[in-house]
Amino acid sequence: MARERNRWLSAYALIVYAFLFAPIVVLIIFSFNKARRGLVWQGFTFDWYPKLFSNSELLDALTVTLEVALVAVVVSTVIGSLLGLGLARLRFRGRGATETLLLVPMITPEIVMGLSLLLFFLQLFDAHGSLAQLWIAHITFCVSYVAVVVRARAANMDPRLEEAARDLGASAWGAFMHVTLPLIAPAVIAGGLLAFSLSFDDYVVTTFNSGVGSSTLPLYIYGKIKFGVTPEINAISTIIVAVTAIAILIAWRAGAFDTGPRQPVADEAAT
């Protein structure tokens with residue numbers, strides 16, 4: 001009976017995965033299509049991939065996207081990690097309200113978030129779209145995701161580990177570097193990867209806050225598909241999927257998704 005149940009569960013899982021990944025598989029297949037436009041298969045070719053590197057407009061959009069995403073990841077990971085750790089450790093009046101406010105950027109519709117940021121920049125800085133504006137906008141909605149992930153990890157930490165490190169002579173900074181940081185590192189990495197993904201493919205918030213010279217890849221792709229999806233667009237999307245898969249594999253091998261307890265060596269904490 002158990003074997004039959006497992007077979008049904010396995011079959012159900014395969015169906016779900018097939019449903020989820022079928023559109024991606026179709027996109028990858030048609031990135032090798034000879035046809036310039038349309039979904040009619042006319043033969044296999046690699047021509048579209050080399051042509052990507054001669055498309056200066058696409059490369060400029062990709063450069064802006066990566067620059068904005070990297071800045072958003074670095075800043076939001078630092079701020080979000082400290083915020084999540086503080087919420088897990090500190091007990092203060094208004095802590096519940098602070099945790100609730102932390103969720104607001106996550107549950108607010110993107111169109112409201114984008115419009116509110118646009119009005120904020122217009123009223124205070126008279127800004128009409130720039131890289132700095134995009135950096136701040138992306139950091140704003142990425143911080144909450146990182147903080148929530150790190151807080152969940154930090155809440156399960158045993159505070160006695162840090163106390164033991166301090167008793168062995170470690171400074172506050174040494175205890176943080178050799179005990180706390182290694183314990184929350186998987187959550188920090190996972191939060192950073194989540195922030196990168198959210199920033200890289202954001203369209204709505206970016207639409208409201210981008211300007212001349214700050215057009216990102218999602219904006220470029222959306223502008224092009226108005227005239228039909230081309231194999232060139234499929235090719236850059238395939239490359240993005242491949243890079244994302246490799247990043248997830250590396251993070252998994254590095255233990256970014258390991259939720260199990262890790263016990264640091266007490267003597268190392270004292271160094």
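The closest side-chain heavy-atom distance from S130 to Q133 is below 4.5 Å. Counting heavy atoms from C-beta outward, D202 and P218 have side chains that stay 4.5 Å or more apart. Side-chain contact between E57 and D60: absent, with no pair of heavy atoms (C-beta onward) separated by less than 4.5 Å. T45 places none of its side-chain heavy atoms less than 4.5 Å from the side chain of F32. Inter-residue side-chain proximity for N209 and F121 is flagged as met; some heavy-atom pair is nearer than 4.5 Å. K51 places none of its side-chain heavy atoms less than 4.5 Å from the side chain of N55. The closest side-chain heavy-atom distance from F196 to L66 is below 4.5 Å. Proximity of V146 to L194: side-chain heavy atoms (C-beta onward) are nowhere separated by under 4.5 Å.
Heavy atoms only, all atoms of each residue included: V149 and G191 are closest at CG1-N, 4.2 Å. Listed here is the closest heavy atom pair of T140 and P105: O-CB, 4.3 Å. Counting all heavy atoms, side chain and backbone alike, L59 lies closest to F53 at CD1-O, 3.5 Å. Scanning all heavy atoms of the two residues, the minimum distance from S215 to V64 falls at O-CB, 3.7 Å. Taking each heavy atom of A165 and A175 in turn, the nearest pair found is CB-CB, 4.2 Å. Summarising the geometry of A170 relative to G174, their closest heavy-atom pair is CB-C, 4.5 Å, with the distance given to 0.1 Å.
Using a 4.0 Å cut-off between charged nitrogen and carboxylate oxygen, E99 and R151 count as a salt-bridge pair.
Grouping the Ile, Leu, Val, Met, Phe, Trp and Tyr side chains by contacts below 4.5 angstrom, directly or via other members, places V26 with I236. L20 and I24 fall within a single hydrophobic cluster, where Ile, Leu, Val, Met, Phe, Trp and Tyr are joined by side-chain heavy atoms under 4.5 Å apart, directly or via other members. A single hydrophobic cluster is seen to contain both L90 and L102, as judged by linkage of ILVMFWY side chains at heavy-atom distances under 4.5 Å, directly or through other members. L62 and I239 end up in the same hydrophobic cluster when Ile, Leu, Val, Met, Phe, Trp and Tyr side chains are linked at under 4.5 Å. A continuous path of ILVMFWY side-chain contacts below 4.5 Å connects V71 to F125, so both sit in one hydrophobic cluster.
Checking each of Y220, F208, Y222 against Y203 for a ring-ring contact (aromatic ring centres under 6.0 Å, His included) leaves exactly one that passes, namely Y222.
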For this session: May I have the step-by-step check of side chain to side chain contact (heavy atoms under 4.5 Å, CB included) for S199 and V68, ending in yes or no?
Result: CA-CA 7 Å; S199 175; V68 172; 4.1 Å; yes
For this session: Show the numbers, then the answer: is there a side chain to side chain contact (heavy atoms under 4.5 Å, CB included) between T238 and Y49?
Result: CA-CA 10 Å; T238 301; Y49 286 88; 3.4 Å; yes
Problem set entry | Full working for side chain to side chain contact (heavy atoms under 4.5 Å, CB included) between F200 and T216 | CA-CA 9 Å; F200 190 91; T216 62; over 6 Å; no
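Checked by atom type and distance alone, the side chain of S10 pairs as donor or acceptor with a backbone atom of N6 at under 3.5 Å. Looking only at distances, a side-chain donor or acceptor of R153 sits under 3.5 Å from a matching main-chain atom of L183. In terms of modelled atom types and a separation under 3.5 Å, the side chain of S31 and the main chain of P231 share no donor-acceptor contact.
Other residues, nucleotides and ligands contribute over 12 non-hydrogen atoms within 6.0 Å of the CZ atom of F44. Counting non-hydrogen atoms of neighbouring residues, nucleotides and ligands closer than 6.0 angstrom, the CD1 atom of I111 reaches no more than 12 such neighbours.
Atom OG of S197 is separated from atom OH of Y145 by 10.5 Å, given to the nearest 0.5 angstrom. Rounding to the nearest 0.5 angstrom, the gap separating the CG atom in D167 from the CZ atom in R160 is 12.5 Å. In this structure, D47 CG and L52 CG are separated by 11.5 Å, a value rounded to the nearest 0.5 Å. The CE atom of M157 sits 4.5 Å away from atom CZ of R89, with the distance rounded to the nearest 0.5 Å. For the atom pair CH2 of W48 and CG of N234, the computed distance is 10.0 Å after rounding to the nearest 0.5 Å. Note that CD of E110 is 13.0 Å distant from CG of L115, once rounded to the nearest 0.5 Å.
Side-chain contact annotation: S76 with H138, donor-acceptor N/O pair under 3.5 Å absent.
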Just list the side-chain donor-acceptor pairs under 3.5 Å for residues 78-85, sequence neighbours left out, or say none.
unit_1	atom_1	unit_2	atom_2	d
S81	OG	T77	O	2.6

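Between Y17 and F21, the ring planes lie parallel to each other; the angle is under 30°, not in the 30° to 60° tilted range.
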